[in-house]
Amino acid sequence: MLMYQSINEKLASTIRRFIPDFKEEDLSFDRTGHCDLTVRTFRYKVENMESLKSAVLEESFVTNAVVKGKYLNLTIDSNYLLSLMHSSISTTGQYPDVFQDPERVSVEHTSINPTGPIHVGRVRNSIIGDSISRLLKRFGYRVTTQYFVNDSGKQMMSLYLAYDKYNSDKQPTPELLLEGYRRIYREMEGTGSETEVEEMIKKYEEGDPALINKVRKIAGVMLDDIKGDLRTIGIKIDDFTWESDFIVSGEVKTLISSLSDSIKTDGEAKYLEMKDGRKVFLTRSDGSSLYLARDIAYHMYKLSQSDWLITVLGEDHSEHGKTLTEILTTYFDLVKRLDFVFNAFVSLETGSMSTRKGNAITLKELIEKTCERSKEIITEKRGGKTSNDEIAMKIAISAIRFNILKVSASKAMVFRWEDALDFNGDSAPFIMYSYVRALNIIKKSVVSSDIENLTLSNRELEKEERALVLNMYTYPLILSEAVKNLKPEALANYAFMLSKSFNDFYEKCKVIDQEQEVTIRRLITATVYKSIIEDISSIIGIQLVKEM
RNA sequence: GGGCUUGUGGCCUAGUAUGGAUAAGGCACCGUCCUUCUAAGUCGGUGAUCGUGGGUUCAAAUCCCACCAGGCCCGCCA
């Protein structure tokens, strides 16, 4: 949790001396160019705006106040804000400060069936989930990331069966498995017969240890491939749980019997009736369990070790999320916090992506092309000098993560190569480049060693400098909102806005070779910017570089 | 048919939770700025009935209702 206390809180309490029911939300940083911070008084009866103004002016950090209709427009002392941020960074190493929260949070994401390599459509879920988990860690929570591995359904059985039928004499590789998977689906579609797979599901469900071992071995090959791809873009998952574990351990059976008072039956199949009348099935009529039953068991498992569960799912699972929530709250008296984040799909201009159809753009492919493009640009910028592969890779990965994260999760995306390979404007390289500029200023400045002990004068700042300081000051608010709404994309958008603001500062306010007091102040400004960008980058997965 | 969700300049997006001042950016296009901390940058310009129609309000991109269009779901699949 953040230690930060904003000046808004202090101001609000001062204002309450005149307006007892004043709410902090009527105090906001101004984006229309009238002032720094505005007080809106529309909702309240204010007899004397002038006396409110004088009271607010008593706050040392308010340097000016102007009444404009129902608005009270304030100018804030930028030097004060800058010194707040600077002292936080020099004493604790970061702004805002943070303290460890004992609450344990579980973040489940990705959880794709290991029937093929991860593709651009799926990786959105991973990027959002990973960013949320890093965001909560930054906020002080104890976070565990989770992946639920489906090894018991039709898709997994088909993958295994295909290997067993066509390629069992060969060493299983992701490519070989994928080829067999596509082939067996074509055959099943052709013959219309799925009996072989169905029999196998039944055997699996009965807990046949030899079969489970073999299927997991095959699934493991694909899963390792997925893990490797995720690792490349900086994503690590702590805990992998296999669906079949809950079948083998008998937890699914225990769960179902614990629900026996509420369960209804259709023939031999067991289901629960939801409040809206929907029937949700837990078992088939042959007694085998269904995904919902196993996922309830999985959620119970996660609940046993966490205080707050977050599950990132594709939007096709939104009904499932609703069902789970209803079951956990009504039948298991869940009091812990349970959140689902749904992401809309990424499609191609030609339509949806599908591993089975083979028209998906894999993450590998995306990384490769983006990296190539990145190398090209570096070579171009450096005037033909050799490019640095490590820097190119970091730029590529950051660009990929940023491009996918920056769009709100609920919004459908169309993947276009031209957008993916554009490193201008609203992109990670823009932010990374601004960061390099800040580093260069700090590196080249001669007074940097004394920066810890400097005091700021009260001299008026340039417009661009003031704007940057104010924008940086709001970082903790952005961070808190992102946590509250589970919207890591807010940080991506903020990082871009802040970098744009830094670029304005960079163009207009020279740091080196100015009057010493000006140099120092601007150096501190650049240092705070550097710190915030490092902080955000570690959350949204931008891999900063020292030169570009 | 029912449910969920999205609709903002030519294209892409932010803002919608908690209504508040001339709707904020990016791409593309036209023009500007490198002997000064890296031009992957800066500044200026063109370009918006915020899907449509009603309603609530002193005030609506934001709240309510209806409609239109796209996406997703409505399985003893996962």
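Numbered from 1 within each chain, the chains take letters A, B, ... in sequence-line order. Being a predicted model, the structure only gives us computed values, none of them experimental.
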Taking atom C1' in both B/U8 and B/U62, what distance in whole Å separates the two? 12 Å

Give me syn or anti for B/C50, where syn covers glycosidic angles within 90 degrees of 0. anti

Integer-rounded Å distance: B/A21 C1' and A/Asp30 CG: 8 Å

Nucleotide B/A59, atom P - distance to CZ of A/Phe42 in whole Å: 12 Å

For A/Asp30, is there an ion pair with A/Arg40 - N to carboxylate O distance below 4.0 angstrom? no

Can you measure A/Glu507 atom CD to B/C37 atom C1' for me and round it to whole angstrom units? 11 Å

For A/Ser434 and A/Thr38, take the nucleotide of RNA chain B holding the closest heavy atom to each; which residue's nucleotide lies nearer the 5' end? A/Thr38

A/Phe430 on top of B/G41's base, within under 5.5 Å and under 30°? no

Electrostatic pair A/Arg337-A/Asp339, nearest N-O below 4.0 angstrom: yes

B/A66 to B/C27 separation - P atoms, rounded to the nearest Å: 40 Å

Are the side chain of A/Ser537 and the backbone N or O of A/Glu534 linked by a donor-acceptor pair below 3.5 Å? no

What N/O pairs connect the protein and nucleotides 8-17 of chain B at under 3.5 Å? Give each pair on its own line.
from  : atom 1 : to       : atom 2 : distance (Å)
B/A14 : OP1    : A/Ser408 : N      : 3.0
B/A14 : OP1    : A/Ser408 : OG     : 2.6
B/A14 : OP2    : A/Lys411 : NZ     : 2.2
B/A17 : N6     : A/Glu481 : OE1    : 2.3
B/A17 : N1     : A/Glu481 : OE1    : 3.1
B/A17 : N1     : A/Asn485 : ND2    : 3.2
B/A17 : N3     : A/Asn485 : OD1    : 3.3

Roughly how far apart, to the nearest Å, are B/C76 and B/A17 at atom P? 39 Å

With the threshold set at 4.0 Å, does a side-chain nitrogen-carboxylate oxygen contact exist between A/Arg521 and A/Glu465? yes

Before we go on, tell me: are the rings of A/Tyr435 and A/Tyr529 under 6.0 Å apart, centre to centre? no

How far, in whole Å, is B/U52 from B/C33 if one measures between their P atoms? 41 Å

Under-3.5 Å donor-acceptor pair between A/Ser152 side chain and B/A78 base: no

Salt bridge (charged side-chain N to carboxylate O under 4.0 Å, His left out) with A/Glu418: which residues, sequence neighbours excluded? none

B/C11 and B/G51: how far apart are their P atoms, nearest whole angstrom? 13 Å

To the nearest angstrom, how far is A/Asn73 atom CG from B/G20 atom P? 15 Å

Indicate the ring-plane relationship of A/Tyr291 and A/His317, choosing parallel, tilted or perpendicular according to the 30° and 60° boundaries. perpendicular

I'd like to know if A/Lys394 and A/Glu390 make a salt bridge, using a cut-off of under 4.0 Å between side-chain N and carboxylate O. yes

Distance, C1' atom - from B/U32 to B/G44, rounded to whole angstrom: 7 Å

Output the residues of residues 276-288 of chain A in contact with RNA chain B, where contact means a heavy atom of the residue under 4.0 Å from an atom of the strand; sort by number or write none. A/Phe281, A/Arg284, A/Ser285

Does a nitrogen or oxygen in the side chain of A/Arg43 sit under 4.0 Å from OP1 or OP2 of B/C58? no

Is the aromatic ring of A/Phe345 within stacking range of B/G71, meaning centres under 5.5 angstrom and planes under 30 degrees? no

Side chain of A/Arg437 - closest among B/C37, B/A78, B/A39: B/A39

Side chain of A/Asn150, backbone of A/Ser152: donor and acceptor closer than 3.5 Å? yes

Listed nucleotide nearest any side-chain atom of A/His34, set B/U18, B/U22, B/C77: B/U22

For RNA chain B, the dot-bracket pattern of Watson-Crick and G-U pairs whose distances stay under 3.5 Å, | for other-strand partners: (((((((..((((......[...)))).(((.(.......).))).....(((((..]....))))))))))))....

Suppose we screen for salt bridge (charged side-chain N to carboxylate O under 4.0 Å, His left out). Which residues come up paired with A/Glu319, at least two apart in sequence or across chains? A/Arg278

Charged N-O contact under 4.0 Å between A/Glu376 and A/Lys381: no

Give me the ring orientation class for A/Phe415 and A/Trp417: parallel if the planes are under 30° apart, tilted from 30 to 60°, perpendicular past 60°. perpendicular

Using heavy-atom distances to pick each residue's nearest nucleotide on RNA chain B, tell me which of A/Lys322 and A/Arg31 is more 5'. A/Lys322

Tell me: CZ of A/Phe496 to C1' of B/G41, nearest whole Å? 11 Å

What nucleotide, of B/A40, B/C43, B/A78, holds the atom closest to the side chain of A/Asn113? B/A78

Suppose we screen for ring-ring contact (aromatic ring centres under 6.0 Å, His included). Which residues come up paired with A/Phe148, at least two apart in sequence or across chains? A/Tyr298

Expressed as a whole number of angstroms, how long is the span from A/Glu547:CD to B/A40:P? 14 Å

When the P atoms of B/C34 and B/U6 are compared, how many Å lie between them, rounded to an integer? 47 Å

Starting the side chain at C-beta, find the nucleotide from B/C76, B/U36, B/U5 nearest to A/Ser410. B/U5

Atom CD of A/Glu198 with >12 non-hydrogen neighbours under 6.0 angstrom: yes

Which whole number of Å gives the distance between the C1' atom of B/C50 and that of B/U22? 15 Å

